[in-house]
Amino acid sequence: MMYHDLFFAWRYTMKQASLIFYNGEGIEKNVSEIFERYLQSNSIFKDKSVLYHSYFPERILHRDYELMQLSSILAPAIKGYKPSNIFVYGGVGTGKTVCVRQVLTQLENVAKKHDAKLIKIIYLNCKMKKTADTEYRVLSQILESFNIKVPETGLPTEILYKKFFEEVDKKDQTIIIVLDEIDALVRKIGDEFLYNITRADLEQARISLIGITNSLTFSNSLDIRVKSSLGEEEILFKPYNAMQLKDILMQRAELAFYKISEEVIAKCAAIAAQEHGDARRAIDLLRVAGEIAERVGASEIKEEHVDMAEEKISVDCVLEAIKSLPKQSQAVLHSILKLTENKNSVMTGEIIIKYRELCRKNGLRILTQRRISDILNELETFGIIEAKVISKGRYGRTREIELSIPKEILDHVKRNIYANFK
DNA sequence: AGGTATTCACATGAAACTATTCTCTGAGTTAGG
DNA sequence: TAACTCAGAGAATAGTTTCATGTGAATACCTGT
């Protein structure tokens, strides 16, 4: 049976191939030309992986104080005492995650080397859809790191708690759970989960939590009890300034490129510094600029490539968001696009009317106003529209909505969305 | 004129509901000894 | 009798509806001068 299928698959590909070989002489030439050219062009990247988010630098710059704080708080774990729970906050791209992860791996290494008390680190990113964004899934992830597999659904959550505490309490060990983007988790499922974990009573094991968030006001939204136990220690990561960003970029660029000018790096640093000192953004900028330079066949990144990269990043972001929008959200966006063709701001009420009309035409289920309101909020967080709540006095309160899609891609977006309805 | 009350058109929040996917359990069925 | 099948109960989850409550300022309505 299987061989049979394979045979046909093979036949099929051969047929495709023969099409190229015998009927498409021109195509063949073009394609191979691209490959040839690619081979010949010497890449300006030495090692591109250094510029991806997944890369963790060996040495973290300009975070000595924070690293020290972290390690001194966590040190007791080596001797088998429970370290305080830590609450790490600071803006995006300020190095929170990198620092925490580095300190923890070192802690683990030292403990292993000196045969100290057992330490187990569990890192979870709570914003990862379908991975750790609910109480159940977080627990299941934690259990997985103990090599206990649990089904995705069907089991009561209490069972997972029971399994987890049982497993943890088997040995005299310190478990350190890192919850990255903890604010996303709490917003979604509340803080009961944190309470349950921090107040677990165990015979011999100890559990410490490290919560990482980029929302400075996050801790206020917590239950007092949780707040006091999770926030035993707090560490604040300040944004990098332009000089520090420059150093960081320099460090990466040396590994990533064969050669690069200082002006380019300064430019990336300056742009990112304006946007809350986000190092991740600076590095993205550098990478995309490199990609652009490579594509246009330049031998080195120029400042104009950085400008183009800045443009491209924002455009890609919007385009990506729009493409992955569910049907209903697209319908709402469709209505907004239509309405903004002859004016630049619309109100919720107008959108609702247009939207209902569109649904009737397309045989789509009409959602309630409440839901549309939420969809509008979602579109705003994607950066597709800009909505501010205004009061028009006697004439009620509404959202004033404007498109924030860059002009250059507006037509592209329209074609994309309009094609799906009529 | 100056002050206050009303009112509009939604916003915002919480809880309940729906559909889907999945587990677990136990009763009934089947095949082999 | 062990192994398998299958239906029903119960969970988790995403997406939504239902119900309830909130809200800011332009207007309407007073009040006293």
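Side chains included, hydrogens not; waters and symmetry mates left out as well; all remaining heavy atoms used. Reminder, nothing fancy here: chain letters follow the sequence lines and each chain counts from 1.
- Of the residues near DNA chain B, T398(A) and P151(A), the one whose nearest nucleotide (by heavy atom distance) lies more toward the 5' end is T398(A).
- When all heavy atoms are compared, the tightest approach of P57(A) to Q102(A) is O-NE2, 4.1 Å.
- No contact: I372(A) has no heavy atom under 4.0 Å from any strand.
- Taking atom OH of residue Y136(A) and atom C1' of nucleotide dT23(B), one finds them 8 Å apart after rounding to whole Å.
- Stacking of K120(A) on the aromatic ring of F146(A) is recorded, both the 6.0 Å distance cut-off and the 45° axial limit being met.
- With respect to the salt-bridge test (charged N to carboxylate O, under 4.0 angstrom), the residues R371(A) and E378(A) qualify.
- Taking atom CD1 of residue I351(A) and atom P of nucleotide dA9(B), one finds them 16 Å apart after rounding to whole Å.
- One atom, CD1 of I401(A), and another, C1' of dA11(B), lie 12 Å apart when rounded to the nearest Å.
- Donor-acceptor pairing under 3.5 Å is lacking for the side chains of E166(A) and Y161(A).
- Residue S373(A) places at least one side-chain N or O closer than 4.0 Å to OP1 or OP2 of dA11(B).
- In this structure, K170(A) forms no cation-pi arrangement with F165(A), as its terminal cationic atom is not both closer than 6.0 Å to the ring centre and no more than 45° off the ring axis.
- Residues of residues 382-391 of chain A having a heavy atom closer than 4.0 Å to DNA chain B, listed by number: V389(A).
- For the pair K338(A) and Y355(A), the cation does not sit on the ring face, since its NZ or CZ is not both under 6.0 Å from the ring centre and inside 45° of the axis.
- Using a 4.0 Å cut-off between charged side-chain N and carboxylate O, K48(A) and E291(A) make a salt bridge.
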Considering only nitrogen or oxygen atoms on both sides, find all protein atoms under 3.5 Å from nucleotides 13-21 of chain B and state each distance.
from, atom 1, to, atom 2, distance (Å)
dG13(B), N7, R370(A), NE, 3.2
dG13(B), N7, R370(A), NH2, 2.8
dG13(B), O6, R370(A), NE, 2.8

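- Between the CZ atom of R394(A) and the C1' atom of dA5(B) there is a distance of 11 Å, given to the nearest Å.
- Using a 4.0 Å cut-off between charged side-chain N and carboxylate O, K127(A) and D133(A) make no salt bridge.
- The nearest whole Å value for the distance from the CD atom in Q369(A) to the C1' atom in dA11(B) is 9 Å.
- Chain A approaches DNA chain C within less than 4.0 angstrom (heavy atoms of the protein), and the contacting nucleotides run 5' to 3' from dG10(C) to dA28(C).
- By the 4.0 Å N-to-carboxylate-O rule, K343(A) lies close enough to E350(A) to be salt-bridged with it.
- Among all heavy-atom pairs drawn from A298(A) and I44(A), the shortest one is O-CG2, 3.7 Å.
- One can place CD1 of I352(A) at 14 Å from P of dA9(B), the figure rounded to the nearest angstrom.
- Within the cation-pi definition used here (under 6.0 Å to the ring centroid, within 45° of the axis), R63(A) qualifies as a partner of Y240(A).
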